[in-house]
Amino acid sequence: MSLLPPPAPARRLAFYAFAVCVLAVAAAVVSFVQGSWLGIVWVLLAGLSSNMTWYYARRGKTRAGSGSVTG
């Protein structure tokens with residue numbers, strides 16, 4: 001049995017968005033190395049997922065500090 005509480009939904013979403021951001025950056029690097037301009041799409045996706053990571057991380061931090069029971 002784990003001593004840690006389960007992660008809040010916002011923190012879990014922040015983790016998933018961060019994973020998408022890292023994968024999009026890797027895909028952009030590979031795409032540009034291969035000489036494809038499709039990497040621009042991957043860069044845009046990385047920027048979007050980065051913003052989502054910050055949003056959900058701050059949202060989870062704010063909700064955890066407020067002590068709200070209902071979320």
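Please read all numbers here as calculations on a predicted model, not as lab measurements.
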Throw together a table of side-chain donor-acceptor distances under 3.5 angstrom for residues 18-42, partners on residues two or more places apart or in other chains.
unit_1 : atom_1 : unit_2 : atom_2 : d
Ser31  : OG     : Gly39  : N      : 3.1
Ser36  : OG     : Leu38  : N      : 3.1

For the OG1 atom of Thr53 and the CZ atom of Arg58, what is their distance to the nearest 0.5 Å?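 Output value for this atom pair is 13.5 Å.
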Nearest-0.5 Å distance that lies between atom NZ in Lys61 and atom CZ in Arg11: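 Interatomic distance, Lys61 NZ to Arg11 CZ, rounded to 0.5 Å: 7.5 Å.
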Can you list, by chain and residue number, the hydrophobic cluster partners of Phe15 when the side-chain cut-off is 4.5 Å?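 Taking Ile, Leu, Val, Met, Phe, Trp and Tyr as members, Phe15 shares its hydrophobic cluster with Tyr16.
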Look at the side-chain heavy atoms of Ile, Leu, Val, Met, Phe, Trp and Tyr, link any pair under 4.5 Å apart, and say whether Leu45 and Val43 land in one connected group. no
